Amino acid sequence: MAGFRDREKQFFPLQNIQDVVKLFRDQLTCGEEPNLSLLSIVLGVIENILTVNRAIPTEVDNSANLEPIFPVVELHTIEALYSKFESHIKRSVDLTKFPGPHATRELVKHVSDVIWGSLTRSFYKDKAHLQSLYSFLTGNKLDCFGVAFGVVAAFQVLGYKDVHLALSEDHAWVVFGENLAETAEVTWHGKGNEDKRGQPITAGTTEKSWLYLNGYPVICTREMEVSSIVSGINLAITTTMDSVELGSLQQELLWLLYDMGHLKKYPMALGNLGDLEEITPSENRKKPIELFQEAIASSQEYYNNQHVYPYTYLGGYLYRKQDYNGALQAWADAASVIKKYNYNREDEEIYKEFLEIANDLIPSMMKHVAGENAARIHHTSLLYNPESYANFLRFYDGICEWEEDSPTPVLHITWAKQLVFSISKFDISVRIGVDLKGENGDGDESEDSEDDENSSGETKDKNQNVKEESSRNKTDGEDGEQNTTKARGRVGRQK
Ligand SMILES: FC(F)c1nnc(N2CCN(c3ncnc4sc(CC(F)(F)F)cc34)CC2)s1
């Protein structure tokens, strides 16, 4: 049995974060493919101990031992799980019927059936911590992403190099065959949708569909498949508490992958790293805002700017930083992406994202600035800012265009009520386009409003972005736990 080569064995036992980083670095630089099954099992063992099976020593006085709890991961634990996966896959797939170097659709469907067939019938598929092979091997449970990843890891165990993970913002499938020209569903999506496992993903399916990113999904290399399991580490101990150690491990591994260029074409992983940096800034590393902007640039450069999450990552961050003008611009940009799609019943996740922005975040932002008397008096508030108003309108315009020609309606009475509430907070001067201050762009007074127009025909506005540093109240719970300070609703992976 192939099992482990001495090269992996030398890194065990894993006693701390640096040991795990060294194992990953070796796997990513050793010249051969990184071993997806090994790395998924290692992350699953650590995640399980730090979140699910948190053995907090009750009798020990926790306030005394400030040492964070990092589990010691023994070689025999990993070896046992790895060989269980390897033998399960090799025993279930008779390759004599599949001679060629490339996978076939029949074989992809069969491997998907092997993974699928091992899952316990009744488990709550939305639960957290079901994404790794550890969950598959110890609990026979996998979430939607986990099944797709499991198929790809199984093909690596079988010696195939052409089966790779394809990722959208809320679904996963595989590409395979010569030049990765073939696609196949291998997992389910959402609730109450019949799975289409084995079927190709055709142009008809992907066109104007957010779930398939209009044909611009992330096509993973082996190294990007490693990025996907690192990005998929779930820090949640409870809905309000995250593991500090697990977050630190995820952050270190994402920087390792970033430095090696394996996040370059993976906008969501860049956004994930930006979130981690907001919570626990690393010295001498890029700032969150830079990472969110790199995620946007990645989508623009590699995915025809068809991804929405890069803009909502940025919008959420700016909102938390109370840079409300910036947040409105990012959300208007997000709406300018979604307007190119038609909304259908399998797109609920992105619907929830825009619903929260329109009916929760923007209204509470308007309430917040309406109370800022100083900004009101000096007209520096966004309520007097024509650019903010323009972004606000562009946001709603994008959502209306998204709804046009869609088989499923988007807007309903709550959207309309919240629109009326928010729009009424803008000052009459920006809504009717009169510049009450009478100042034009170059600062001198002039009655004639024509002069206020600059070359691009926009009314220049002296308003600066209204920014106040928000003091992020991070309160640590028990030793090694941290209240999640993320203001956004969870999307995509199951929390
Ligand atoms: F837009 C912001 F508010 C977001 N905050 N978290 C967001 N997530 C975080 C995690 N996430 C992801 N992060 C990395 N890779 C992937 S691949 C994928 C689709 C599926 F799960 F494979 F089906 C989801 C996803 C989904 C998007 S968007």
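None of these values were measured; they are calculated from a predicted model. Atoms within each ligand, like the ligands themselves, are counted from 1 in listed order.
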Any Glu353 heavy atom less than 4.0 Å from ligand 1: yes
Within the 6.0 Å centroid threshold, strictly below: Tyr303 and Tyr216: no
Tyr396 and Phe392 aromatic centres sub-6.0 Å: yes
Validation row, ring centre Trp331 to ring centre Phe395 under 6.0 Å: no
Ligand 1-proximal atoms of Thr312, by part, heavy-atom distance under 4.0 Å: both
Thr240 and Thr238: side chain donor to acceptor below 3.5 Å: yes
Mode of Ala172 contact toward ligand 1 - side chain, backbone, both, neither (heavy atoms, under 4.0 Å): both
Numbered atoms of ligand 1 (with element) below 4.0 Å of Leu167, judged on heavy atoms: 17 (S), 22 (F)
Proximity to ligand 1 by part of Ser168, non-hydrogen separation under 4.0 Å: backbone
Ligand 1 contact by Asn272, heavy-atom criterion under 4.0 angstrom: no
Atoms in ligand 1 with a heavy atom of Ser231 nearer than 4.0 Å: 13 (N), 14 (C)
Check: Tyr212 ring centroid to His171 ring centroid under 6.0 Å: yes
Distance under 6.0 Å and angle within 45° of ring axis: Lys125 vs Phe123: yes
Min N/O separation Tyr266 to ligand 1 under 3.5 Å: yes
Flag for Thr414-Asn359: side-chain donor and acceptor within less than 3.5 Å: no
Atoms of ligand 1 close to Asp170 [distance to a heavy atom under 4.0 angstrom, numbered from 1]: 19 (C), 23 (F)
